[in-house]
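This is the structure, below, for whatever I ask next.
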Amino acid sequence: MTEVSVHQRPRILIVDLGSQYTLLIEKAFRELGYRSAILDSKKAVKWAASNEVWLVVLSGGPKSVTGSDRIEIPQEIFEINAPIFAICYGMQYVAQFYGGEVGSVQDHRGYGPETIKTKNGSKLFANLPVEQPVWASHGDTVARVPDGFTVTARTSKTEAIAAMEGKRKNGQMTYCVQFHPEVTHTAEGKKLLKNFVIDICKCAGDWTSASFIEETVSQLRQQLGDDQVVLGLSGGVDSSVAAMLLHKAIAKNLHC
């Protein structure tokens, strides 16, 4: 495909650590008006070396950070000059990476609805209820936060660490949550992500549905030129949208 010009490239980097919810993170940012790139940890390092990065998200994942088969996060990710937002497995990895302790959930796997209590002072939870419902999906938990990190939320029932934050060596902050703000079951999740991307990272929105249409049509024109295109049109949403975009791009050269 035609390469996207530099000014159109995403500036939010999502490091995919195997979570079933990773695409929901990307969707949540898109609904707030931001592009994002989803890459595995190795590709993310290369991408960050040649692109401007506003912020980094470490997704959740099915592995245990204490297991021999854990998904590694290269040190270069933590050296990126941008704030990091770590979710679930990402939070556990951060805790272990900086010298904290991670252990298994003793009484039950942390799966399903939970209620957390936030502490005053964290920008991540600004203007959100002190007590709020969230969605959890984890078998491990942070037992002790690393030196230099502060606990910013705990679960209401067990007082387990639900969120922490701290400054990295490069001066950038890392915000971590043990729950999943990207799913609808976390009632204040979208507001929390908005706090992070807008109020903490000071990012300007760079995506709208209108800009997507304009950029896609432009790319199709460059890619196809005067080629004739035959499209199997079923009448469903996917092929209908593809037909409309192609029609805008190449008009009479499209044959449905």
Side-chain angles (χ1 to χ4, degrees), residues 10-29 32 34-49 51 53-67 69-102 110 122-124 134-142 145-146 148-153 161-170 172-183 186 189 192-193 195-197 200-201 203:
R11 293 179 176 86
I12 293 177
L13 174 59
I14 300 173
V15 182
D16 182 14
L17 303 173
S19 172
Q20 61 183 321
Y21 302 134
T22 300
L23 286 175
L24 294 181
I25 303 172
E26 189 269 343
K27 179 184 177 185
F29 283 125
L32 289 170
Y34 299 89
R35 295 179 179 87
S36 53
I38 300 175
L39 297 168
D40 64 36
S41 56
K42 291 182 179 178
K43 290 179 180 177
V45 172
K46 294 180 180 178
W47 190 89
N51 289 276
V53 180
W54 284 348
L55 61 97
V56 179
V57 178
L58 305 179
S59 81
K63 303 293 186 180
S64 169
V65 297
T66 62
D69 62 342
R70 75 176 191 168
I71 298 176
E72 298 289 342
I73 303 175
Q75 181 172 331
E76 291 90 336
I77 293 294
F78 298 102
E79 295 172 353
I80 295 173
N81 189 32
I84 288 178
F85 184 74
I87 301 170
C88 198
Y89 179 93
M91 170 170 167
Q92 296 157 14
Y93 198 101
V94 168
Q96 192 175 73
F97 183 84
Y98 286 106
E101 292 181 9
V102 176
S122 174
K123 294 180 180 178
L124 193 63
V134 300
W135 184 260
S137 179
H138 58 272
D140 290 339
T141 186
V142 175
V145 301
F149 278 71
T150 303
V151 175
T152 55
I161 298 170
M164 66 179 192
E165 61 188 54
K167 190 175 289 187
R168 309 198 304 281
K169 289 182 179 179
N170 63 3
Q172 294 287 352
M173 288 291 293
T174 298
Y175 299 85
C176 308
V177 295
Q178 188 57 76
F179 54 90
H180 290 271
E182 68 273 26
V183 303
T186 300
L192 185 149
L193 291 173
N195 281 348
F196 180 66
V197 70
I200 293 174
C201 299
C203 298

Using 0.5 Å steps for rounding, measure from the CD atom of Q178 to the CG atom of D140. 8.5 Å
Flag the pair I87 / E182 as yes when at least one side-chain heavy-atom distance between them is below 4.5 Å, and no otherwise. yes
Closest contact, heavy atoms only, C176 versus T174: SG-CG2, 3.7 Å
Quick one: list whatever passes side-chain contact (heavy atoms from CB on, under 4.5 Å) with L23, sequence neighbours left out. I38
Give the intermediate values and the outcome of side chain to side chain contact (heavy atoms under 4.5 Å, CB included) for residues F78 and V56. CA-CA 9 Å; F78 298 102; V56 179; over 6 Å; no
Closest non-hydrogen atom pair between S122 and E165, with its separation: OG-OE1, 2.7 Å
Can you find a heavy atom in the side chain of H180 that is under 4.5 Å from one in the side chain of L24? no
State, to 0.1 Å, how close A82 and R168 come at their nearest heavy-atom pair, and which atoms those are. O-NH2, 2.8 Å
Closest approach of K63 and I71, non-hydrogen atoms and distance? CG-CG1, 4.0 Å
Is the ring pair F149/Y98 parallel, tilted or perpendicular, if the boundaries are 30 and 60 degrees? tilted
Holding to side-chain contact (heavy atoms from CB on, under 4.5 Å), I want the full list of residues that pass it with V65, two or more places apart in sequence or in another chain. R70, Y89, Q92, Y93, Q96, V102
Separation between CE of M91 and CZ of F179, rounded to the nearest 0.5 Å: 9.0 Å
Y21 OH to T186 OG1 distance, which is reported to the nearest 0.5 Å: 9.0 Å
With a 4.5 Å heavy-atom cut-off, do I25 and S59 have their side chains touching? yes
Steps toward side chain to side chain donor-acceptor pair (under 3.5 Å) verdict (E79, N170): CA-CA 7 Å; E79 295 172 353; N170 63 3; over 6 Å; no
Between I80 and L13, does a side chain to side chain contact (heavy atoms under 4.5 Å, CB included) hold up when you go through it step by step? CA-CA 11 Å; I80 295 173; L13 174 59; 4.2 Å; yes
Counting C-beta onward and ignoring hydrogens, is there a side-chain heavy-atom pair between N81 and Q172 closer than 4.5 Å? yes
Checking the side chain of S41 only, and the main-chain atoms of P74 only, is there a donor and an acceptor separated by less than 3.5 Å? no
Minimum heavy-atom separation for S36 to E26, with atom names? OG-CG, 3.1 Å
Flag side-chain contact, heavy atom, 4.5 Å: Y175 against I200: yes
How far apart are the closest heavy atoms of L58 and L17, and which atoms are they? CB-CD1, 4.2 Å
Could you walk me through whether L124 and F85 satisfy the side chain to side chain contact (heavy atoms under 4.5 Å, CB included) test, starting with their C-alpha distance in whole Å, then the side-chain angles of each, then the deciding distance to 0.1 Å, before giving a yes or no? CA-CA 10 Å; L124 193 63; F85 184 74; 3.9 Å; yes
Test L55 against V57 for side chain to side chain contact (heavy atoms under 4.5 Å, CB included), laying out the working first. CA-CA 7 Å; L55 61 97; V57 178; 3.7 Å; yes
Can you check whether F97 reaches Q75 side chain to side chain, under 4.5 Å on heavy atoms? yes
First locate atom CZ of F29, then atom CD1 of I12, and finally report the distance between them rounded to the nearest 0.5 Å. 5.0 Å
